[in-house]
Amino acid sequence: MMGIHIDKEPSIKEVWYEGYVDYKGIRHRFWLIEPQDSDYELEVRWFFKSVPMEVRKMYVEIIETFKEINNYDRG
């Protein structure tokens with residue numbers, strides 16, 4: 001027999017920031033997700049699926065920029 005269980009309390013809380021990358025005159029919007037009180041890494045999610053590969057490759061630069069702007073240190 002199969003069953004589904006979902007905890008009533010969240011296991012992770014996150015803060016979502018909005019941003020964008022300008023590329024060839026087009027703004028490609030993203031969310032940067034910062035997990036709270038956990039060891040999970042920062043994450044970038046794009047608003048839309050049709051984001052050029054050159055922009056998607058900026059994932060690391062986006063996270064590093066966020067860390068620099070916020071004096072981010074979770075070590």
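- In this structure, Y59 OH and L42 CG are separated by 8.0 Å, a value rounded to the nearest 0.5 Å.
- Among all heavy-atom pairs drawn from E34 and Y17, the shortest one is OE1-OH, 3.0 Å.
- Here the shortest heavy-atom pairing between R29 and E18 reads NH2-OE1, 3.0 Å.
- Interatomic distance, Y23 OH to H28 NE2, rounded to the nearest 0.5 Å: 8.0 Å.
- When each of W31, Y20, F30, W16 is checked for a ring-ring contact (aromatic ring centres under 6.0 Å, His included) with F47, only W31 meets the rule.
- Closest of all the heavy-atom pairs between E43 and R45 is OE2-NE, 2.9 Å.
- For the residue pair V55 and W46, the shortest heavy atom distance occurs at CG1-CH2, 3.5 Å.
- Looking at every heavy atom in both residues, M58 comes nearest to V21 through SD-CG1, 3.6 Å.
- Among all heavy-atom pairs drawn from R56 and V51, the shortest one is NE-O, 3.2 Å.
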